[in-house]
> 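The following block contains the structure, expressed as structure tokens.
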Amino acid sequence: MAITVESKKRPEGTKANALRRSGLIPANLYGHKGAESISLVVDAKAVERLLKQAAVNKTEVELSIPELEWTGKTVIREVQSHPAKGTTYHISFFAAKA
């Protein structure tokens, strides 16, 4: 069973806390074209479901970014959580070599 997540490109100049209040989690995608990274936002409910199914650095996740017409296999590299609340603050994806 493949785990699929859809994300959007993060709008320029948006603050991370404002995104979280609106139900989005900031994210990054590394390794898709060498040294570049893409700033993304993912729906908080989708991240919650994803973290119940996937393990960091182990589970392959199909990530799609419709705005950039990019779809590929990734792994979750890092998950940052609020120390007291336990809510997810940020998630990092690493693109697997095609």
Side-chain angles (χ1 to χ4, degrees):
M1 177 183 93
I3 301 170
T4 306
V5 174
E6 189 171 304
S7 64
K8 297 177 187 165
K9 197 167 185 328
R10 182 174 169 174
E12 290 288 321
T14 54
K15 303 277 186 199
N17 281 333
L19 291 170
R20 290 184 197 107
R21 278 193 299 271
S22 66
L24 299 170
I25 303 292
N28 271 42
L29 172 64
Y30 301 98
H32 61 97
K33 285 187 184 173
E36 290 180 37
S37 74
I38 300 175
S39 295
L40 306 169
V41 290
V42 183
D43 183 54
K45 291 186 194 295
V47 169
E48 205 174 290
R49 283 190 302 269
L50 172 67
L51 294 177
K52 287 181 181 176
Q53 299 173 348
V56 175
N57 282 328
K58 291 186 176 148
T59 311
E60 200 170 78
V61 178
E62 184 80 24
L63 183 69
S64 66
I65 311 166
E67 294 170 57
L68 302 176
E69 297 176 4
W70 189 90
T71 301
K73 299 202 180 300
T74 64
V75 290
I76 299 171
R77 196 40 74 90
E78 179 184 26
V79 176
Q80 296 175 6
S81 300
H82 187 279
K85 297 178 188 173
T87 56
T88 304
Y89 256 34
H90 187 273
I91 190 164
S92 297
F93 295 98
F94 187 79
K97 296 285 183 202

> Within this structure, what is the CD-CD distance for the pair Glu6 and Glu67, rounded to the nearest 0.5 Å?
9.5 Å

> Identify the two heavy atoms, one from Ile25 and one from Ala44, that lie closest to each other, and give their separation to 0.1 Å.
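It is CG1-CA, 3.7 Å.
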
> Distance from Leu40 atom CG to Asn28 atom CG, nearest 0.5 Å?
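Those atoms lie 7.0 Å apart.
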
> When you compare the side chain of Arg10 with that of Leu19, does any pair of heavy atoms fall below 4.5 Å?
yes

> Could you tell me which non-hydrogen atom of His82 sits nearest to which non-hydrogen atom of Lys85, and how far apart they are?
ND1-N, 2.9 Å

> Kindly indicate whether the side chain of Val41, heavy atoms from C-beta on, has any atom under 4.5 Å from the side chain of Thr14.
no

> What distance do Ile65 atom CD1 and Phe93 atom CZ have between them, rounded to the nearest 0.5 Å?
9.0 Å

> For residues 68-77, which side-chain N or O atoms pair as donor and acceptor with protein atoms under 3.5 Å away, sequence neighbours left out?
from	atom 1	to	atom 2	distance (Å)
Lys73	NZ	Glu62	OE1	3.2
Thr74	OG1	Val61	O	3.0
Arg77	NE	Asn57	OD1	3.0

> Taking salt bridge (Lys or Arg N to Asp or Glu O under 4.0 Å) as the cut-off, I'd like each qualifying pair that reaches into residues 38-58, sequence neighbours left out, listed once.
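Passing the test, one end in residues 38-58: no pairs.
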
> Which hydrophobic side chains are connected to Tyr89, either touching it within the sub-4.5 Å cutoff or through other members that do?
none

> CD1 of Ile3 to OG1 of Thr59: how many Å apart, nearest 0.5 Å?
5.5 Å

> Are Lys8 and Pro66 packed together at the side-chain level, in the sense that at least one heavy-atom pair is separated by less than 4.5 angstrom?
no

> What distance separates Leu29 CG from Ser37 OG, expressed to the nearest 0.5 Å?
8.0 Å

> Do you know the tightest heavy-atom contact between Val42 and Ser7?
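It is CG2-CB, 3.7 Å.
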
